[in-house]
Amino acid sequence: MSKTRDYKYVPLPKSFYEVTPVQLARKLIGTLLIRIIDNKPLVARIVEVEAYGGRDDPASHAYRGMTGRNKVMFNSGGCSYVYFTYGMHYCFNVVAGKGKQAGAVLIRAAEPLEGIDQMKKHRNKEKLHDLLSGPAKLCQAFLIDKSLNGITLDKPPLLITKESIRKSAPEIITTPRIGIKAGLNKKWRFIDAESTFLSARRSPDI
DNA sequence: TGTGTGATAGTCT
DNA sequence: GACTATCACACAT
């Protein structure tokens, strides 16, 4: 079956990513993450992200300068940063900024739209809310691993586009980031207020 | 229904 | 050699 989907793979321009991580995080809410596997798309709508800065952000991998692992964060915006954590999980970030400023946006959760059966298979779970409700889950469902580290997000196998049909801009809430110890004073986590596909267990206090 | 704890391996000092 | 992050499961209420 080679039926063409309605999703047009119009990548976001590079200038979209050449902003600060905080600005990019807000813009990414509601965009579509598309992963092409065997010519079949997995599509999800991004509903939860976190911004990470550079040397000025103690929660960021780039806080202590460039290392072998985080050097992708120092690229200009529009490419991926995939890192391995907990000895068993991957996390997917979108690199922000231009020139040498380090920064990235961690994709924490998304809403499954297309290829749901494939995602269930990859995750070995049936419930929709268990598929993409966490950074490591999202990578497992989308088959994102280190081989995708550093690639640009403007073409297959991994890209980000705008949602074609949108009634109105999503209401966006900001909260402190999750799973870190430093930098808790910054409210750099951005979520779609209407979404039920978030990674946080409790509804956030505003 | 909600909370607590154990498991894991790559990266940096 | 120490640290780091998340998921999944078990348990108690």
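Throughout, a chain's letter reflects where its sequence line sits, starting with A, and its residues are numbered from 1. Here the structure is a predicted model, which is why all the values come from computation and not from measurement.
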Problem set entry | Bracket notation of DNA chain C in which parentheses pair within the strand, [ ] cross earlier pairs, and | pairs with another strand (Watson-Crick or G-U, under 3.5 Å) | ||||.|||||||.
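Here A:R177 lies out of heavy-atom contact (under 4.0 Å) with every strand.
Whole-Å rounding puts the A:H61 NE2 to B:dC12 C1' distance at 12 Å. Atom CE of A:M88 and atom P of B:dG6 are 13 Å apart (whole Å). Per the geometry, NZ belonging to A:K137 stands 19 Å off P belonging to C:dA5, to the nearest Å. Atom-to-atom, CG of A:L198 to C1' of C:dT6 comes out at 17 Å; the value is rounded to the nearest Å. To the nearest angstrom, P of B:dT13 lies 11 Å from CZ of A:R69. For A:N93 and C:dT6, the CG to C1' distance is 14 Å, given to the nearest whole Å. For the pair A:R64 CZ and C:dT4 C1', the computed distance is 10 Å after rounding to whole Å. The nearest whole Å value for the distance from the CZ atom in A:R123 to the P atom in C:dC9 is 10 Å.
Side-chain contact of A:K14 with A:S76: a donor-acceptor pair under 3.5 Å is present, judged by distance alone.
Applying the salt bridge (Lys or Arg N to Asp or Glu O under 4.0 Å) test to A:D154 and every residue at least two apart in sequence or in another chain returns nothing. Among residues two or more places apart in sequence or in another chain, the side-chain hydrogen bond (donor to acceptor under 3.5 Å, both in side chains) test is passed with A:S15 by none. Applying the ring pair (Phe, Tyr, Trp, His ring centres under 6.0 Å) criterion to A:F197, with sequence neighbours excluded, gives A:H129. Scanning for side-chain hydrogen bond (donor to acceptor under 3.5 Å, both in side chains) contacts around A:K121 gives an empty result, with sequence neighbours left out.
For A:K146, a side-chain nitrogen or oxygen approaches OP1 or OP2 of B:dT11 to under 4.0 Å. A:K125 has a side-chain polar atom (N or O) that falls below the 4.0 Å cut-off from OP1 or OP2 of C:dC9.
Checking C:dT6, C:dA8, B:dT11 against the side-chain heavy atoms of A:R108 singles out C:dT6 as nearest.
Put simply, the side chain of A:L33 reaches to within 4.5 Å of the side chain of A:F92, judged on heavy atoms.
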Distance-only check: which donor-acceptor pairs under 3.5 Å involve side-chain atoms of residues 21-31 of chain A, not counting sequence neighbours?
unit_1: A:Q23; atom_1: OE1; unit_2: A:T20; atom_2: N; d: 3.1
unit_1: A:Q23; atom_1: OE1; unit_2: A:T20; atom_2: OG1; d: 3.1
unit_1: A:K27; atom_1: NZ; unit_2: A:F16; atom_2: O; d: 3.2
unit_1: A:T31; atom_1: OG1; unit_2: A:L28; atom_2: O; d: 2.6

